[in-house]
Student: 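Right, I'll just put the structure down here and ask away after.
All values derive from a computational prediction rather than experimental measurement.
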Amino acid sequence: MSQLRLLPPRLGVQAVRLLSARGIPGPGLRSRSSGPPATFPGGRGGGDSSYVEEMYFAWLENPRSVHQIRGHHVAQLDPLGILDADLDSFVPSDLITTIDKLAFYDLQEADLDKEFQLPTTTFIGGSENTLSLREIIRRLESTYCQHIGLEFMFINDVEQCQWIRQKFETPGVMQFSSEEKRTLLARLVRSMRFEDFLARKWSSEKRFGLEGCEVMIPALKTIIDKSSEMGIENVILGMPHRGRLNVLANVIRKDLEQIFCQFDPKLEAADEGSGDVKYHLGMYHERINRVTNRNITLSLVANPSHLEAVDPVVQGKTKAEQFYRGDAQGKKVMSILVHGDAAFAGQGVVYETFHLSDLPSYTTNGTVHVVVNNQIGFTTDPRMARSSPYPTDVARVVNAPIFHVNADDPEAVIYVCSVAAEWRNTFNKDVVVDLVCYRRRGHNEMDEPMFTQPLMYKQIHKQVPVLKKYADKLIAEGTVTLQEFEEEIAKYDRICEEAYGRSKDKKILHIKHWLDSPWPGFFNVDGEPKSMTCPATGIPEDMLTHIGNVASSVPLEDFKIHTGLSRILRGRADMTKKRTVDWALAEYMAFGSLLKEGIHVRLSGQDVERGTFSHRHHVLHDQEVDRRTCVPMNHLWPDQAPYTVCNSSLSEYGVLGFELGYAMASPNALVLWEAQFGDFHNTAQCIIDQFISTGQAKWVRHNGIVLLLPHGMEGMGPEHSSARPERFLQMSNDDSDAYPVFTKDFEVSQLYDCNWIVVNCSTPASYFHVLRRQILLPFRKPLIVFTPKSLLRHPEAKSSFDQMVSGTSFLRVIPEDGAAAQAPGQVRRLIFCTGKVYYDLVKERSSQGLEGQVAITRLEQISPFPFDLIKQEAERYPDAELVWCQEEHKNMGYYDYISPRFMTILGQARPIWYVGREPAAAPATGNKNTHLVSLRKFLDTAFNLHAFEGKTF
């Protein structure tokens, strides 16, 4: 027993369970070993039961132990030696740490030296079939309870569990050649000396250094090397700010002078926009992988300070790159996500992203997650930051194996990362590498961590850096000499100094040099649009007719559809014959025509296949054959681009981020995300605020994503009425006080200068044109569309083919074309509005017989504001009172946006009166009668031609 006491004091009995839990027969059956097993007196399974069966039966009788006693819980993971990685120092009573505990399994001290037949489910024996109990325990301890802690027994796939066992249990698997060790040392040198160089040169600058987890650099490079070896050509990374500059320098291989010049406060920005701090910027780089001598493309996606927000964006970009390469199995393109421990446990978008990992239209065929586990979140202790044992427990929901590893053991880290890359390539599933490390400085370099973690940082101050530990080890074993080590350091220091000297010559910062998703050939060599014009967006009538006919049919034979759907298809056929379209058919024609032009269209969101309001039906379901579906849109033309329409998980944040990333990959795709109701987009507000609204200004990144947000006050309550147009308009960057110069290309140049386009279409034709314009523009901008609900079936909300044929285009403003337009001098009131309220106004005007006295003009495009067309309309009716009418409450909707712009274009000479609902806290009432009363009230005001007499503006 004396040898047993030399083992680590907290023995990993779970390791023994891992040996036996799979493939062992139930109670009452005997060992599968060929030879006679050793016997124990009074054994639970009878006199001939094996030790591993004894252990297994004991766990069956005590399930609590099965879940709590795991090898990883007692592994030596903390480099500081002061914390338990699982936040629990309790050692269960059934761990064999002393002689007296042997009796728990009816064992005696003498049994430790007995030989036992090894079951076929373990690999610890290597070429041996029997081992002594003492050696079994030692080998299991060595595998599961040292610097690597494995969590995988929750995976319900025997093959996968056995694969992991073989990778870690087989004796001698962690043997490294001298060359591999020297490469690892050189990578550690670069990682650590880069941080040291920044600290020396810019001691008072925030840089969010990697000190305490320098091993992350060789870890990432190992994952990339191994993946490249297995055929990966494109790796897309997402990560937070900590260690980002180091990754840019030593993984992506960004020129060092480009990084160092970012610290110069006198550096002038050459690009338009606000730019971003250096530790948020992305990068795209193609290079030769020096280990495999193969081409590799690395893309680090730019991100905000909102931790984990970049996760779904990376996944979307990865999915798109796989799609365009025809890489359905993810053998050419993969993603790596780096996380912090506190954010990985605390941010809900992590969970949302994991739940996309195995969905057919969202899977990227496995992601390698690397957690930089500092064991602290800013100033918050892990025990206050999470309720789970590990920060990585969220990954268990998708059966991803989790490899915890002590970051002060570089060889263990490298081996684990190599296995993680192999796992992803073999099983196309996510995997997590948890680098248990520490943060040598505070949250940033100016922060004092001793205020809140005094004992931890006293230990950290004593901690020998991992580079010195590993160098001493290699020198001691003769792999390198001290002189070679010092020469490697001097070599990299010299590289840094030379780059620093060159960085002083840089006077201008080009953010476009940090672009994470370039579009070769789309812009000119200077990154500018090739033209500032947009062709007409109409299409030939025969194309409209063809698309309408396909949209009205079932292209597959013997495919039985629902009788209600048959009625809908007949309705589409009837409209096509009459040369008219409703909302759903106009969308069909926009998508279908783009597909013919080779533009991939992807529509994603909750229930989009059918449509929340049962209007779309882009996926037909056979009523008699389970899971047999048909997408007529993919049967339009022989050589068309593919159409993807996919119901998403019940997520906004994660899915919108995913589609944003998808749209980043190529400008030649129409990528749309539709909210179930526009109200729900605020769950994804982070993506909208930090990426969509500001992405081009911060990162010079164009993106043409389309947001479809059902919107309209229809008495459906405060959560099913408003897509919050006021928020999008508030974030629009056009200047309300700047009187524009109306040039011939004003319409397109105004779109180019804006940060996004906001529209509320009142006709199907407008919707058709704005979708096509999104692709035909010579640049890309996000498009926000407030889509209708009741207008989907409104008998007046239809458009003629005449408004969609060749030569027609999107109308930013639709002017009055009735009786009032024939005699503008007699018009007493000109009402401006947008969207659905137009139909309420027209109906009320007709009922009051005011067609000749009240003109109604629609703004189809709200932002950027159509100054030129509004000016024309106002001048057309010089004696008319100007009114803005909206169905939203006054403090919401559009009024606060349009009012100052009207004043600018009118030179403050004429007021623009407000008509609509009164200010309110909630966007809509939940009471149907209250809704109708407020509607009646503002309609009465809209057509009371004396309503504003005597009032001052």
Student: Between T763 and S766 (side chain of the first, backbone of the second, donor and acceptor by atom type, cut-off under 3.5 Å), is there such a pair?
Tutor: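 Checking the backbone N and O of S766 against the side chain of T763, a donor-acceptor pair under 3.5 Å is found.
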Student: Would you mind reporting whether F810 and Q861 have side-chain heavy atoms less than 4.5 Å apart?
Tutor: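 Of all side-chain heavy-atom pairs linking F810 with Q861, at least one is under 4.5 Å.
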Student: Does either side chain, that of Y897 or that of D734, offer a donor lying less than 3.5 Å from an acceptor on the other one?
Tutor: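 Yes, a side-chain donor-acceptor pair sits under 3.5 Å.
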Student: Would you check if W673 and L708 make a side-chain contact, meaning some heavy-atom pair closer than 4.5 Å?
Tutor: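 With C-beta onward as the side chain, the pair stays apart.
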Student: Is a side-chain donor or acceptor of R936 paired with a backbone partner of H931 at a separation under 3.5 angstrom?
Tutor: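 Checking the backbone N and O of H931 against the side chain of R936, no donor-acceptor pair under 3.5 Å is found.
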Student: Cut-off 3.5 Å, side chains only: do E860 and S762 have a donor facing an acceptor?
Tutor: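 Distance-only check passes for E860 and S762.
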Student: May I ask you to decide whether E587 forms a salt bridge with R616, counting only side-chain N to carboxylate O separations under 4.0 Å?
Tutor: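 The answer is yes: the pair qualifies as a salt bridge.
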Student: Does the ring of F938 carry R917 above it, NZ/CZ under 6.0 angstrom from centre and within 45° of its axis?
Tutor: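 No; the conditions do not both hold, so R917 does not lie above the ring face of F938.
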Student: Identify which one of P864, S749, S863 satisfies the side chain to side chain contact (heavy atoms under 4.5 Å, CB included) criterion when paired with C754.
Tutor: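 That would be P864.
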Student: I'd like to know if the side chain of S732 pairs up with that of W756 as donor and acceptor (distance under 3.5 Å, no hydrogens or angles considered).
Tutor: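 A pair is found: one side chain offers a donor N or O, the other an acceptor, under 3.5 Å apart.
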Student: Has Q826 got more than 12 heavy atoms of other residues, nucleotides or ligands less than 6.0 Å from its CD?
Tutor: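 For Q826, atom CD is not crowded (no more than 12 foreign heavy atoms under 6.0 Å).
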Student: For Q685, is the CD atom crowded, meaning more than 12 foreign heavy atoms sit under 6.0 Å from it?
Tutor: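 Yes - once you tally the heavy atoms of other residues, nucleotides and ligands closer than 6.0 Å, there are more than 12.
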Student: Any luck finding a side-chain donor-acceptor pair between T857 and E816 under 3.5 Å?
Tutor: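 Per modelled atom types, T857 and E816 side chains form no pair under 3.5 Å.
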Student: Under 6.0 Å between the ring centres of F523 and F779?
Tutor: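 No, the ring centres sit 6.0 Å or more apart.
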Student: Which residue, V758, D896, I784, forms the side chain to side chain contact (heavy atoms under 4.5 Å, CB included) with L729?
Tutor: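 Of the listed residues V758, D896, I784, the side chain to side chain contact (heavy atoms under 4.5 Å, CB included) partner of L729 is V758.
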Student: Can you say whether the rings of F613 and H615 are parallel (under 30°), tilted (30 to 60°) or perpendicular (over 60°)?
Tutor: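 Tilted, since the angle between the ring planes falls between 30° and 60°.
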Student: If the threshold is 4.0 Å, N to carboxylate O, is there a salt bridge linking K836 and D840?
Tutor: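 Between D840 and K836 there is a salt bridge, with a charged N closer than 4.0 Å to a carboxylate O.
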Student: Do you know the tightest heavy-atom contact between L709 and A723?
Tutor: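 Taking every non-hydrogen atom into account, CB-CB, 3.7 Å.
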Student: State, without any angle test, whether E888 and H711 hold a side-chain donor-acceptor pair at a distance under 3.5 Å.
Tutor: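 A pair is found: one side chain offers a donor N or O, the other an acceptor, under 3.5 Å apart.
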Student: Is the charged tip of R724 near the ring of F728: under 6.0 Å from the six-membered ring centre and within 45° of its axis?
Tutor: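 Output no; distance or angle outside limits.
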Student: Indicate whether the side chain of Q774 and that of K781 have a donor and an acceptor atom separated by less than 3.5 Å.
Tutor: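 K781 and Q774 do not have a side-chain donor-acceptor pair below 3.5 Å.
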Student: Going by an N to O cut-off under 4.0 Å, is there a salt bridge joining R812 and D868?
Tutor: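 Yes, charged N to carboxylate O under 4.0 Å.
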Student: Flag this pair as yes if the NZ/CZ of R858 is under 6.0 angstrom from the six-membered ring centre of Y838 and inside a 45 degree cone about the axis; otherwise no.
Tutor: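 Pair R858/Y838 counts as cation-pi.
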Student: With heavy-atom distances below 4.5 Å as the criterion, would you say the side chains of L595 and L636 are in contact?
Tutor: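 Yes, side chains in contact.
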Student: Examine H889 together with Y895 and report whether their ring centres are nearer than 6.0 Å.
Tutor: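 No.
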Student: Ring-plane angle category for H546 and W637, please: parallel below 30°, perpendicular beyond 60°, tilted otherwise.
Tutor: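 Because their plane-to-plane angle lies in the 30° to 60° range, the rings of H546 and W637 count as tilted.
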Student: Test side-chain contact (heavy atoms from CB on, under 4.5 Å) on D689 and T694; report intermediate values, then the result.
Tutor: CA-CA 7 Å; D689 291 354; T694 58; over 6 Å; no
Student: Quick one: do the E528 and Y752 side chains pair a donor with an acceptor below 3.5 Å?
Tutor: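 Note: E528 and Y752 side chains meet the donor-acceptor criterion.
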Student: Under 3.5 Å, side chain of S721 to main-chain N/O of P718, donor-acceptor pair present?
Tutor: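 The answer is no, because no donor-acceptor pair under 3.5 Å joins these two groups.
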Student: With distance as the sole test, does D607 use its side chain to make a donor-acceptor pair with the main-chain N or O of G611 at under 3.5 Å?
Tutor: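 Answer holds: no.
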Student: Would a distance-only check, ignoring hydrogens and angles, find a side-chain to backbone donor-acceptor pair under 3.5 Å from R572 to A551?
Tutor: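 The answer is yes, because a donor-acceptor pair under 3.5 Å joins these two groups.
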Student: In terms of side-chain heavy atoms, does H769 have a donor or acceptor partner in T537 at a distance below 3.5 Å?
Tutor: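 On atom types as modelled, these side chains qualify, holding a pair under 3.5 Å.
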Student: Counting the benzene-type ring for Trp, do Y643 and H600 have ring centres under 6.0 Å apart?
Tutor: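 Y643 vs H600: aromatic centres not under 6.0 Å.
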Student: Between N927 and T925, is the side-chain hydrogen bond (donor to acceptor under 3.5 Å, both in side chains) condition met? List the steps.
Tutor: CA-CA 5 Å; N927 182 280; T925 177; 5.4 Å; no
Student: Strictly by modelled atom types, are E597 and Q640 linked by a side-chain donor-acceptor pair under 3.5 Å?
Tutor: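 Q640 and E597 do not have a side-chain donor-acceptor pair below 3.5 Å.
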Student: Out of curiosity, I856 CD1 to C885 SG, how far, rounded to the nearest 0.5 Å?
Tutor: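 Result: 8.5 Å between the selected atoms.
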